[in-house]
Amino acid sequence: KQLQKDLEEVKELLSKATRKRIRDVLMTEKHKLELEIKNQPPPKPKEVAEEEKSSLGGYTVKINNYGWDQSDKFIKIYISLNGVQKLPAENVQVNFTERSFDLLVKNLNGKNYTMTFNNLLKPISVEGSSRKIKTDMVLVMCRKKKEEKWDCLTQVEKESKEKEKAAYDTSDPSEGLMNILKKMYAEGDDEMKRTINKAWVESREKQSKGDIPMDI
């Protein structure tokens, strides 16, 4: 609109200009404006523009908090989102594959919310999976391909649990104790580290005196 107004004004000035130099400048400006107007993208219909605006709405927040449960047929993931029930249904989208799903909630209080689950523990049925919008909550229903109990949601969680179990599961009791102490030391604060170091030194001293035969 502004470019069109500029062009009209240049044309008006051109019709009044008598000096060649001024006319040349105005003609150059006129051609420039006509080219700019020609190269402008066509205006989008109002409804398309509104839809794009509502789908972009603000910045994107990654959802990390959720709860989950299961039945014989479904894995159920509960995601709390205040006011989600007020959104148009098409603003809450979930895309499923056999071993993953992506949730996208568009323009909730000026923000977009996303959540991605990859490497689900077992295959799910894409056709049988769905989402439900409840008050302040989205429920993602993943239909199990095989009706069996899942120990966790993803393959990564399973591997993590197995590693942790292996750290404690050992036939040698002293080795198991060592693993626990190492884990406590690695995860502990300075106070915990000092306490474990002190206990370690004392146990070595007692062992050297023959008080305890077992090396801990």
Side-chain angles (χ1 to χ4, degrees), residues 1-68 74-120 123-143 153-156:
K1 281 183 179 180
Q2 292 302 319
L3 287 173
Q4 194 63 45
K5 282 181 181 177
D6 289 349
L7 181 60
E8 284 165 16
E9 196 163 311
V10 167
K11 282 180 179 176
E12 196 178 327
L13 290 169
L14 197 56
S15 68
K16 292 174 184 175
T18 53
R19 299 192 58 78
K20 185 179 183 303
R21 192 172 173 186
I22 302 297
R23 283 183 66 83
D24 287 348
V25 170
L26 288 169
M27 281 297 285
T28 306
E29 191 61 31
K30 177 175 170 278
H31 287 312
K32 202 166 107 181
L33 285 164
E34 282 171 344
L35 198 64
E36 270 192 70
I37 290 166
K38 188 183 172 186
N39 291 334
Q40 267 195 319
K44 290 180 180 174
K46 189 181 175 186
E47 56 271 19
V48 174
E50 285 298 316
E51 189 184 316
E52 284 190 4
K53 187 180 172 187
S54 71
S55 68
L56 292 171
Y59 59 93
T60 298
V61 179
K62 195 171 178 183
I63 302 167
N64 293 312
N65 295 326
Y66 63 90
W68 76 284
F74 287 96
I75 289 289
K76 305 168 191 177
I77 294 102
Y78 302 88
I79 300 119
S80 295
L81 287 168
N82 285 338
V84 71
Q85 73 279 7
K86 296 171 188 170
L87 288 177
E90 62 269 18
N91 279 32
V92 182
Q93 301 169 359
V94 184
N95 293 315
F96 296 96
T97 73
E98 197 174 73
R99 292 298 281 267
S100 73
F101 72 82
D102 289 291
L103 167 70
L104 171 61
V105 179
K106 294 195 285 188
N107 200 25
L108 176 61
N109 302 322
K111 297 173 192 171
N112 299 317
Y113 292 84
T114 65
M115 177 184 234
T116 301
F117 265 94
N118 291 316
N119 298 316
L120 289 170
I124 61 171
S125 161
V126 174
E127 300 78 22
S129 299
S130 61
R131 60 103 180 97
K132 291 181 181 177
I133 301 166
K134 298 179 174 287
T135 304
D136 298 333
M137 181 184 287
V138 177
L139 170 58
V140 178
M141 307 273 289
C142 299
R143 175 72 185 246
L153 273 180
T154 64
Q155 196 65 35
V156 174

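Note that the coordinates shown come from a computational prediction; the quantities given were computed from them, not determined experimentally. Computed from heavy atoms alone, side chains included, the values below leave out hydrogens, waters and symmetry copies.
- Side chains of Val84 and Ile79 form no contact here, defined as non-hydrogen atoms less than 4.5 Å apart.
- Distance alone, capped at 3.5 Å, is enough to place a donor-acceptor pair between the Asn112 side chain and the Asn107 backbone.
- Counting heavy atoms from C-beta outward, Pro123 and Arg99 have side chains that approach closer than 4.5 Å.
- Between the CG atom in Leu103 and the CZ atom in Phe117 there is a gap of 10.0 Å [rounded to 0.5 Å].
- One finds a salt bridge joining Glu34 and Lys30 here, because a Lys/Arg side-chain nitrogen approaches an Asp/Glu carboxylate oxygen to under 4.0 Å.
- In this structure, Glu9 places its CD atom where only 12 or fewer heavy-atom neighbours from other residues, nucleotides or ligands lie under 6.0 Å away.
- What you find for Leu14 and Leu26 is that their closest heavy atoms are CD1-CB, 3.5 Å.
- Inter-residue side-chain proximity for Asn65 and Ser80 is flagged as unmet; no heavy-atom pair is nearer than 4.5 Å.
- In this structure, CG on Leu104 lies 7.5 Å from OG1 on Thr60, to the nearest 0.5 angstrom.
- Closest approach of Asn82 and Leu108 over heavy atoms only: O-CD1, 3.6 Å.
- Side-chain N or O atoms of Thr116 include none that pairs as donor or acceptor with a backbone N or O of Asp102 at under 3.5 Å.
- Distance check: Lys16 NZ to Arg23 CZ gives 13.5 Å after rounding to the nearest 0.5 Å.
- Side chains of Val92 and Arg131 form a contact here, defined as non-hydrogen atoms less than 4.5 Å apart.
- For Gln85 against Ile133, the heavy-atom pair with the smallest separation is CA-CG2, 3.8 Å.
- The two residues Cys142 and Phe101 make their nearest non-hydrogen contact at SG-CD2, 3.8 Å.
- Distance check, rounded to the nearest 0.5 Å: CD of Glu29 to CG of Leu7 gives 9.5 Å.
- Considering all non-hydrogen atoms of both residues, Asp136 and Gly83 come closest at OD1-N, 2.7 Å.
- Using a distance-only test at 3.5 Å, with no hydrogens or angles considered, no donor-acceptor pair links the side chain of Asn91 to the main chain of Val105.
- Rounding to the nearest 0.5 Å places CG of Leu139 at 8.0 Å from CD1 of Ile77.
- Taking CH2 from Trp68 and CG from Leu153, the interatomic distance works out to 4.5 Å, rounded to the nearest 0.5 Å.
- Listed here is the closest heavy atom pair of Lys106 and Leu87: O-CD1, 3.7 Å.
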